[in-house]
Amino acid sequence: MTVNIPQLRAFLAVVDAGGFSAAAAELGMSQSAVSHAVASLERELTAPLLVRATPVRTTALGERVLPHARIALSATRSVEQIAADATETMAGTVRLAVTPTVGQGLVPALLRHWREDQPRITVRVFEGDSAEVSVWLQDGTADAAVLIDPPPGPGTQLTVDCYRALLPRDHPLADEPLVDVRDLEDDPFLISPNGCEARIRAIHSLAGLSFTPTHRVRDLATLISMVQAGLGVTILSEISRPLIPADLILLPLTPRTSRRLVLTGPQARPWHPAVRTLAESAADHLALSPRPPRHAGSPTAMGT
């Protein structure tokens, strides 16, 4: 049995892109070449890996092969990048997993910096919820991720992200320098059931309040629109600020809490060398960037 890297690369591209045509465009190959590579892999394994449907999906065998194929391809990229690093020509593609809030509020500035500082490295961004981001980093779908409050280990802390109250500008508390969560008890509370919910529950618990949201909204844009419409208030992190329209205000909140956002690679396997380069570049960028002014009542981090 002979399984080769081009076969695995084609198989993964079809799975990730959802079809042969999209995979061909991603790889810069003809669709027939991608089909041939996957078919030859299936012949080597003597069983189908994919169900040819729309979108394409994996068979039971394909699902078992998938994580190993990702690890093999990740190791191959690492070997290639180690060689490139030895000749001081770091290049390649890094798949970065982030949550939507991080992707919209923090990543654009990083991408702009990396494009200027590391033009030979291409960063592809994948958005998912906190649980998905962690799984993608663990199983090799992503080479790097911005994790929320990860355990101690290597990585670059990008920011300490504080939690704020999001209110309409005509709300009675909109002119206050600091909002106590207890003062929001009579307002309908809106929540997005993602990784922040545990911290928002903790804020209410610290204030001695029960946590009974009026609405649960998955999409952040919908959540913000509902606050705009006067349907309630919510709590968001500071990096959401670029997404907040002019008729809403994001105010410091007490009890005070925050989260750490850390750019890191996988814990269980060696990092793609280009990820280390990006992490070092991000650290240099943060060291040279002016610190933003602190808002009145700006909180300190609560223990994680």
Side-chain angles (χ1 to χ4, degrees), residues 1-87 89-98 100 103 111 119-129 131-145 265-278:
M1 180 184 297
T2 303
V3 173
N4 59 49
I5 295 301
Q7 292 171 339
L8 296 177
R9 183 177 288 114
F11 168 58
L12 290 175
V14 172
V15 172
D16 291 340
F20 286 86
S21 178
E26 179 70 28
L27 294 173
M29 300 169 58
S30 68
Q31 184 172 336
S32 61
V34 175
S35 297
H36 176 76
V38 174
S40 64
L41 176 60
E42 291 175 320
R43 285 195 298 272
E44 289 293 334
L45 301 180
T46 67
L49 299 174
L50 299 173
V51 176
R52 272 70 169 174
T54 305
V56 170
R57 64 182 186 274
T58 51
T59 63
L61 175 63
E63 196 65 27
R64 293 175 62 191
V65 168
L66 189 60
H68 300 284
R70 292 196 190 283
I71 291 171
L73 201 60
S74 177
T76 301
R77 286 198 305 271
S78 293
V79 170
E80 294 169 347
Q81 291 302 329
I82 288 169
D85 192 29
T87 58
T89 56
M90 182 60 67
T93 298
V94 169
R95 297 164 299 173
L96 175 66
V98 299
L111 292 178
R120 292 173 59 83
I121 299 176
T122 299
V123 180
R124 294 180 58 200
V125 178
F126 296 84
E127 286 190 346
D129 61 33
E132 288 172 327
V133 166
S134 296
V135 169
W136 292 342
L137 185 60
Q138 178 182 344
D139 70 12
T141 302
D143 304 302
Q267 288 189 323
R269 64 181 188 279
W271 288 18
H272 188 309
V275 173
R276 295 193 180 277
T277 299
L278 293 179

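Just the heavy atoms: all of them, side chains too, but no hydrogens, waters or symmetry mates, feed the values below.
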**Student:** Once you round to the nearest 0.5 Å, how far does CG of D143 lie from CH2 of W136?
**Tutor:** 13.5 Å
**Student:** Quick one: pull up CD in E63 and CZ in R57 and give me the separation to the nearest 0.5 Å.
**Tutor:** 11.5 Å
**Student:** Say you draw a straight line from CZ of R95 to OG of S74; how long is it, rounded to the nearest 0.5 Å?
**Tutor:** 6.5 Å
**Student:** Checking T141 against R70 for the side chain to side chain donor-acceptor pair (under 3.5 Å) test, could you report, in this order, the C-alpha distance in whole Å, the side-chain angles of both residues, the deciding distance, and whether it holds?
**Tutor:** CA-CA 7 Å; T141 302; R70 292 196 190 283; 3.2 Å; yes
**Student:** A quick test of your reading: do over 12 heavy atoms of other residues, nucleotides or ligands sit less than 6.0 Å from CZ of R64?
**Tutor:** no
**Student:** For the atom pair CZ (F126) and CG (L137), what is the distance rounded to the nearest 0.5 Å?
**Tutor:** 13.0 Å
**Student:** Closest approach of G128 and P100, non-hydrogen atoms and distance?
**Tutor:** O-CD, 3.3 Å
**Student:** Specify the closest pair of heavy atoms between A72 and L8, including all atoms of both residues, with the distance to one decimal.
**Tutor:** CB-CD1, 3.9 Å
**Student:** Spell out, as yes or no, whether a donor-acceptor pair under 3.5 Å connects the side chain of Q31 to the backbone of F20.
**Tutor:** no
**Student:** What pair of heavy atoms forms the shortest contact from V56 to G19, and how long is it?
**Tutor:** CG2-CA, 3.8 Å
**Student:** Out of the candidates V14, L12, V34, only one should pair with L27 under the side-chain contact (heavy atoms from CB on, under 4.5 Å) rule; please name it.
**Tutor:** V34
**Student:** Looking at every heavy atom in both W271 and G265, which two are closest together, and how far apart are they?
**Tutor:** CZ2-N, 3.0 Å
**Student:** What are the two closest non-hydrogen atoms of A22 and A17, and how far apart are they?
**Tutor:** CB-CB, 3.6 Å
**Student:** Is there a side-chain contact between V15 and L50 in this structure, where contact means two heavy atoms from C-beta onward sitting under 4.5 Å apart?
**Tutor:** yes
**Student:** Does E132 reach the main-chain N or O of D129 with its side chain, forming a donor-acceptor pair under 3.5 Å?
**Tutor:** yes
**Student:** Is V38 close to L49 at the side-chain level, that is, under 4.5 Å between some pair of heavy atoms?
**Tutor:** no
**Student:** Which atom pair, heavy atoms only, marks the closest approach of V275 to A144?
**Tutor:** CG1-CB, 3.8 Å
**Student:** Any chance you could lay out the salt bridge (Lys or Arg N to Asp or Glu O under 4.0 Å) test for E42 and R52, step after step, and finish with the verdict?
**Tutor:** CA-CA 13 Å; E42 291 175 320; R52 272 70 169 174; 2.8 Å; yes
**Student:** So how far is it from I121 CD1 to T277 OG1, rounded to the nearest 0.5 Å?
**Tutor:** 5.0 Å
**Student:** I'd like to know if the side chain of R124 and the backbone of T122 have a donor-acceptor N/O pair within less than 3.5 Å.
**Tutor:** no
**Student:** Less than 4.5 Å apart, side chain to side chain, heavy atoms only: is that true for L96 and L278?
**Tutor:** no
**Student:** Might you confirm whether atom CD of Q138 has over 12 heavy atoms from other residues, nucleotides or ligands at distances under 6.0 Å?
**Tutor:** no
